[in-house]
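Since the structure comes first, as structure tokens, the remarks are kept for the end.
Counting starts at 1 for both ligands and their atoms, in listed order. Atoms considered below: every heavy atom in the structure, side chains included; atoms not considered: hydrogens, waters and symmetry mates.
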Amino acid sequence: MIVRPATPADLPAILAIHNHAVRHLDAIWTETEETLDERRAWLQTRLAEGFPVLVAEAGGRVIGHASYGPYRPKPGYRKTVEHSVYLAPDAQRSGAGRALMQALIADARDKGFHLIIAVIEAKNIGSIRFHEHLGFTLAGTLPQAGFKQGRWLDQVHMYLLLDAAPPPPAGY
Ligand SMILES: CC(C)(COP(=O)(O)OP(=O)(O)OC[C@H]1O[C@@H](n2cnc3c(N)ncnc32)[C@H](O)[C@@H]1OP(=O)(O)O)[C@@H](O)C(=O)NCCC(=O)NCCS
């Protein structure tokens, strides 16, 4: 298994993993599947903004993807990123998620980001355990922060401080 930057050729596999999660999981808070063009636009935007999109590949097949991007748009959040990581259902618990996240965290450190945030649906205990395993700390739970398929969903935030840098100076 290798982890490498995504290319446009990976988009159908990335889309299939994403839309499976839309259909079957509460991890993505929409009931609307994406099109290939929408995923292509997402990849282009991420790369144009300097954010990574990584894939895990095993036996010539893309089995997972991970990325991070802005947390919130105001300038004061420029040192903070929010990530996502998704594995194909038959590839889970194989270490691919850990490999993707280790590469993603290294990338965020290299680029000078300070805080990386996981936003997790509260019943997704597997993801919470996974992030604990990676060194993330539980920040708290927002009750009924969103909804899907007629149910309120609670939202857990977990975080990993990436460095011990002082805050950027005034006017930064
Ligand atoms: C969550 C996810 C990304 C984890 O990736 P993964 O490749 O399955 O996990 P790994 O094999 O790298 O696991 C690393 C460690 O995390 C922990 N872990 C992972 N999944 C776990 C689970 N379901 N239950 C408990 N612990 C878990 C374990 O400590 C594991 O180490 P171990 O296997 O040696 O015990 C993956 O299962 C996934 O895509 N799930 C569905 C989508 C999703 O929930 N994405 C995250 C949205 S916030």
Side-chain angles (χ1 to χ4, degrees), residues 1-6 10-34 36 38-39 42-43 45-46 51-72 77 80-109 113-149 151-162:
M1 193 264 306
I2 59 163
V3 170
R4 59 167 176 78
D10 300 321
L11 284 167
I14 292 172
L15 181 72
I17 293 168
H18 177 87
N19 281 340
H20 178 274
V22 169
R23 279 195 304 278
H24 298 293
L25 305 180
D26 286 337
I28 300 177
W29 293 10
T30 177
E31 296 172 30
T32 306
E33 294 185 30
E34 276 191 14
L36 195 55
E38 287 167 332
R39 263 292 114 169
W42 170 82
L43 177 63
T45 302
R46 279 278 150 112
F51 295 116
V53 178
L54 304 178
V55 293
E57 182 185 322
R61 172 187 163 224
V62 169
I63 58 168
H65 62 92
S67 182
Y68 67 75
Y71 173 58
R72 299 187 73 187
Y77 293 106
T80 302
V81 290
E82 178 184 334
H83 72 274
S84 60
V85 53
Y86 287 88
L87 274 287
D90 63 350
Q92 290 173 18
R93 240 19 221 280
S94 65
R98 175 172 37 215
L100 280 165
M101 282 305 301
Q102 285 170 346
L104 206 66
I105 290 166
D107 181 282
R109 282 207 171 98
F113 290 107
H114 181 62
L115 184 72
I116 185 165
I117 297 179
V119 177
I120 303 170
E121 192 274 318
K123 291 191 300 304
N124 191 351
I125 304 302
S127 181
I128 293 170
R129 296 284 167 267
F130 172 70
H131 283 91
E132 283 171 354
H133 175 87
L134 290 163
F136 282 67
T137 300
L138 183 68
T141 304
L142 294 172
Q144 302 183 5
F147 61 90
K148 185 168 182 176
Q149 292 168 335
R151 293 162 297 126
W152 288 118
L153 298 176
D154 299 345
Q155 188 178 64
V156 164
H157 284 209
M158 299 183 75
Y159 66 90
L160 180 70
L161 275 166
L162 297 166

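- The residue among H131, R129, R93 with a heavy atom at the shortest distance from atom 35 (O) of ligand 1 is R93.
- The heavy-atom pair separating M1 from A96 by the smallest distance is CE-CA, 3.9 Å.
- A donor-acceptor contact shorter than 3.5 Å links the side chain of R109 to the backbone of L162.
- Remark: ligand 1 and G95 share an N or O pair separated by less than 3.5 Å (distance only, no angle test).
- Residue I120 has at least one heavy-atom neighbour below 4.0 Å for each of these atoms of ligand 1: 48 (S).
- Among protein heavy atoms, atom 13 (O) of ligand 1 sits closest to F130 CD1, 3.9 Å.
- Residue contact check: N124 has heavy atoms under 4.0 Å from atoms 43 (C), 44 (O) of ligand 1.
- When hydrogens are left out, the protein atom nearest atom 48 (S) of ligand 1 is S127 OG, 3.4 Å; that is the closest non-hydrogen contact.
- Every atom of ligand 1 with a heavy atom of V85 under 4.0 Å away is listed here by number and element: 3 (C), 45 (N), 46 (C).
- Remark: ligand 1 atoms within the under-4.0 Å shell around heavy atoms of A96 are 7 (O).
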Show your working on side-chain contact (heavy atoms from CB on, under 4.5 Å) between H20 and Y86 and close with a plain yes or no.
CA-CA 10 Å; H20 178 274; Y86 287 88; over 6 Å; no
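- Between H18 and the choices R39, E33, R23, the side chain to side chain contact (heavy atoms under 4.5 Å, CB included) rule is met once, by R39.
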Evaluate the side-chain contact (heavy atoms from CB on, under 4.5 Å) criterion for residues E57 and I63: first the C-alpha distance (whole Å), next the side-chain angles of each, then the deciding distance (0.1 Å), finally the verdict.
CA-CA 6 Å; E57 182 185 322; I63 58 168; over 6 Å; no
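- With respect to the salt-bridge test (charged N to carboxylate O, under 4.0 angstrom), the residues K148 and E31 do not qualify.
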Going through the distances and angles, do N124 and D26 end up as a side-chain contact (heavy atoms from CB on, under 4.5 Å)?
CA-CA 8 Å; N124 191 351; D26 286 337; over 6 Å; no
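- Within the 4.0 Å heavy-atom criterion, neither part of S84 lies near ligand 1.
- Distance CD/E34 to CG/L15: 7.0 Å, rounded to 0.5 Å.
- Considering backbone and side-chain N/O atoms, A27 never comes within less than 3.5 Å of an N/O atom of ligand 1.
- Atom 36 (C) of ligand 1 has Q92 CG, 3.9 Å as its closest protein atom, hydrogens excluded (heavy atom only).
- Not a single ring pair (Phe, Tyr, Trp, His ring centres under 6.0 Å) links F147 to another residue, sequence neighbours left out.
- In this structure, the ring of H83 has its center no less than 6.0 angstrom from the ring center of F113.
- Judged by the shortest distance from any of its heavy atoms, A118 lies outside the 4.0 Å radius around the atoms of ligand 1.
- The proximity of H133 to ligand 1, defined as any non-hydrogen pair under 4.0 Å, is limited to the side chain.
- Contacts with ligand 1 closer than 4.0 Å are made by no heavy atom of I125, backbone or side chain.
- G135 and L160 make their closest contact through O-CD1, 3.4 Å (heavy atoms, listed as atom of the first residue, atom of the second, distance).
- Remark: minimum distance from atom 42 (C) of ligand 1 to any protein heavy atom is reached at Y86 CD2, 3.5 Å.
- Distance alone, capped at 3.5 Å, is enough to place a donor-acceptor pair between the S67 side chain and the P52 backbone.
- Against a heavy-atom cut-off of under 4.0 Å, S94 is close to the following atoms of ligand 1: 11 (O).
- Of all protein heavy atoms, the one lying nearest to atom 7 (O) of ligand 1 is G97 N, 2.8 Å.
- Looking only at heavy atoms of the protein, atom 39 (O) of ligand 1 is closest to L87 N, 2.8 Å.
- Nearest to atom 12 (O) of ligand 1 among the protein's heavy atoms is R98 N, 2.8 Å.
- Closest to atom 23 (N) of ligand 1 among all protein heavy atoms lies G126 CA, 3.3 Å.
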